[in-house]
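Some notes on the structure that comes next.
Letters go in sequence order (proteins before strands), and every chain restarts at 1.
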Amino acid sequence: MRLAGLRPVAAAALLRIVFDLHELRHHLPTARLSFEPWPGRSPFSVAGAKYVAGENRTPRIPEAIITPLLAWSLRYVNYYAGDILASRAELDRLEAKRNRLVAAEAGLDHTDRRSRQRQRLNTYIAALRRQGRGIPIWTTAHNGTTRTDPQSGKVTPPINYHLIHLHAGIDAQVEPAMHLGLTTGAPDLIAAAIAELGTEIGGMDTPISADLDTGLPWRTRFDAKVLALEEVMLQSAAYVVCAYLSGMRDSEIQAMKRGCLSITRAEDGAILRHRIKSTAYKGKRGCGEETEWVTIAPVAEAIAVLERLSARAGQARGTTTLWPVLTLRANTKTHVSAEIVRQLNRFRDHLNDRFGTAQAPIIPASPNGAPWRLTTRQFRRTIAWHIANRPFGTIAGMIQYKHASVAAFEGYAGSSRSGFRGEIEAQRALGQIDDILVYFDDRQGGARLGGPAANRIGAALDTAAHELAPLPAMIADRPRLRTMLGSLARTLHVGPLADCFFDPATALCLNRISEPGATGPMIAMCEPVRCPNACIAERHRPAWQRGADEARLLLREKRLPEPQRVTLQAEVARIERVLEQIAPGAATPRTGVAGEGEEAGFRVTG
DNA sequence: TTGGATTTGGCGCGAGATTG
DNA sequence: CAATCTCGCGCCAAATCCAA
């Protein structure tokens, strides 16, 4: 096999078959292998392969991509899901009714059946007339076949005979001769109705909810095909929510079954904890180990949606998985499994096609210009990075973690044995290096620093730059730069109002807690204008600006008590000094804000 | 009228490659 | 090593067209 040019891993996969024939010998009628091939060895080692651990090469999803992706996934799960599930219920009702009618009329002669069908068609058309609606046409021209409107000459998708048949009680799949489009059907009635009422895309009755932004329906009404598509999109959206916000691996998410979610409530009924029971596959071949994850409300909602979404397919196939293949064709497997990757990327394209424009896509392209290729691993890696490095960023804000709290994240992500905590720590180290390199580049670009630590950090960055000279710093030897800045990076903790170059000996935040031995800063206790470890950079400007704006708004209140007014004015002045420090293009950088000892610093409140 | 033909997109699978 | 990813191939279903 090796001579045939196969890589060792590929050869190992083939050898595994031989091993399986022995392992499963008691279950095989003929092809069993009675002797053990290569006793005590694995196919991997027999094939001569060896594992060389390298650097983690799964890319992190850029913030510009994960933020809208998560926002739209949550929108699907929280808002659109209602319409999608309701439409499916409507379609099920229509089909059941159609089946009843067909069965009831099976014994009648052809003419009689036809006249009943035409009568029901007339009833349906009358109902559309009452509601001011048109004859249903499909949303898309399925195979390029189109219909040309006899009056306007416009090209539209074809007439949705499928839906009309449901209302008229016809199963054209079973009895093609009953198709209403045939001359013996009712093309006369339908053509007349279109001339009178016009057409309507989709045509199902379930109303479409208003979009949060525009107040208009978020899409046209459903037809059977579009409904199936949106169900798959909803499944993908739920996957994004589960994968990203829980930090579970793909195999663990896909092992979730109906009823895997449990909620612990306090005595007063308030929700304390959402728990997911699933199976962790880590180093175990074949069978996994039941494990429990603690998660947050958005994931619980996504699972609730999945339970309803998977009900139909699950019932038809007799599975309890939350991830069935939704189409009910024969010869399909029961579980989405690896197809989820294609589905996720289809979801990305769907969002752009449906809700974005060429100029302003919903999910922007990746840095190389091509669409970002989503894979399942990226989500876990990205959330680990966010938890480690931006616990208060846009993602945290989106899921209502208003108060920056690393602990809250760790509460749901770190409790299980899935090794997620270790992953977070690995990402923290990487993030710190990335962040310090941003500092370095900004410094080379002339950016200025504020806060008490500004001088110390500025000097350290300049030293590094000096040592790299005479190379132009921007194209300097990056690996060497990483090494040089490594120790500084390890102390860096990014915060909303200031970054902390943490030194436990001088950290003010640690004065406020009693237990010694803290290994990191208490971000919620940060006093960025006083603490010698605080460094304020351009990226913190919006937060400070917001603080100033809020204070100014309060100052406009005429009946403000005088002491409070004085305090607020002092705060505005202090913020302005900070903003001045980091203002681009001003004179030489100054040290931290002097003479600011009289009161507790500007605390993190947002 | 009827039984293919046509077209399209989605799905399942397998082989090999990649990743942690 | 096990899990996961990639991607082409082939199959299938759906809706309608079209020739016999």
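- The side chain of A/V341 lies closest to C/dT6, out of B/dT19, C/dT16, C/dT6.
- Residues that satisfy the salt bridge (Lys or Arg N to Asp or Glu O under 4.0 Å) test with A/D349, not counting sequence neighbours, are absent from this structure.
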Under 3.5 Å, which N/O atoms of the protein pair with N/O atoms of nucleotides 18-20 of chain C?
none

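- For A/R113, the side chain to side chain donor-acceptor pair (under 3.5 Å) partners are A/E175, not counting sequence neighbours.
- The side-chain hydrogen bond (donor to acceptor under 3.5 Å, both in side chains) analysis of residues 87-98 of chain A, with sequence neighbours excluded, yields the pairs A/R88-A/E231, A/E90-A/T206.
- A search for salt bridge (Lys or Arg N to Asp or Glu O under 4.0 Å) contacts involving A/D250 returns nothing, not counting sequence neighbours.
- For A/W138 and C/dA14, the shortest distance from a side-chain N or O to OP1 or OP2 is not below 4.0 Å.
- When the side chain to side chain donor-acceptor pair (under 3.5 Å) test is applied to A/D112, no partner is found at least two apart in sequence or on another chain.
- The side chain to side chain donor-acceptor pair (under 3.5 Å) search around A/R114 returns A/Q117, not counting sequence neighbours.
- Proximity note for A/H162 (side chain, C-beta onward) versus B/dC11, C/dA15, B/dT19: the nearest is C/dA15.
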Heteroatom pairs (N/O) under 3.5 angstrom, protein to nucleotides 1-3 of chain B:
{"from": "B/dT1", "atom 1": "OP2", "to": "A/T183", "atom 2": "OG1", "distance (Å)": "3.3"}
{"from": "B/dT1", "atom 1": "OP2", "to": "A/T184", "atom 2": "OG1", "distance (Å)": "3.3"}

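- In terms of heavy atoms, A/L309 sits closest to A/L326 at O-CD2, 3.7 Å.
- Remark: A/Q343 engages A/V232, A/Q235, A/S236, A/V336, A/I340, A/R346 in a side chain to side chain contact (heavy atoms under 4.5 Å, CB included) (not counting sequence neighbours).
- The distance between atom CD1 of A/I190 and atom P of C/dT16, rounded to the nearest whole Å, is 11 Å.
- Partners of A/V341 by side chain to side chain contact (heavy atoms under 4.5 Å, CB included), not counting sequence neighbours, listed by chain and number: A/N345, A/T376.
- Rounded to a whole Å, the CG atom of A/L227 is 15 Å from the P atom of C/dA14.
- If you measure from atom CD of A/Q378 to atom P of C/dT4, you get 14 Å, rounded to the nearest angstrom.
- When the C1' atom of C/dA3 is taken as reference, atom CD1 of A/I340 falls 16 Å away, rounded to whole Å.
- As rounded to whole Å, 15 Å separates atom C1' of C/dA14 from atom CG of A/L163.
- For the side chain to side chain donor-acceptor pair (under 3.5 Å) test, residues two or more places apart in sequence or in another chain that qualify with A/T139 are A/D223.
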Identify each atom pair where a protein N or O and an N or O of nucleotides 7-9 of chain C are less than 3.5 Å apart, giving names and distance.
{"from": "C/dC7", "atom 1": "OP2", "to": "A/R373", "atom 2": "NH2", "distance (Å)": "2.9"}
{"from": "C/dG8", "atom 1": "O6", "to": "A/R342", "atom 2": "NH2", "distance (Å)": "3.3"}

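- Nucleotide B/dG9 holds its P atom 17 Å from the CG atom of A/N345, rounded to whole Å.
- Rounded to whole angstrom, the span from the CG atom of A/D250 across to the P atom of C/dT6 amounts to 12 Å.
- Between A/R346 and B/dG10, a side-chain N or O to OP1/OP2 separation shorter than 4.0 Å is present.
- Using a 4.0 Å heavy-atom cutoff across all strands shown, A/I159 reaches sugar-phosphate atoms only and no base atom.
- To the nearest angstrom, P of C/dT16 lies 8 Å from OH of A/Y161.
- Between A/D188 and A/R118, at least one side-chain N (NZ, or NE/NH1/NH2) sits under 4.0 Å from a carboxylate O, which counts as a salt bridge.
- Ring geometry for A/Y80 versus A/W218: interplanar angle under 30°, hence parallel rather than tilted (30 to 60°).
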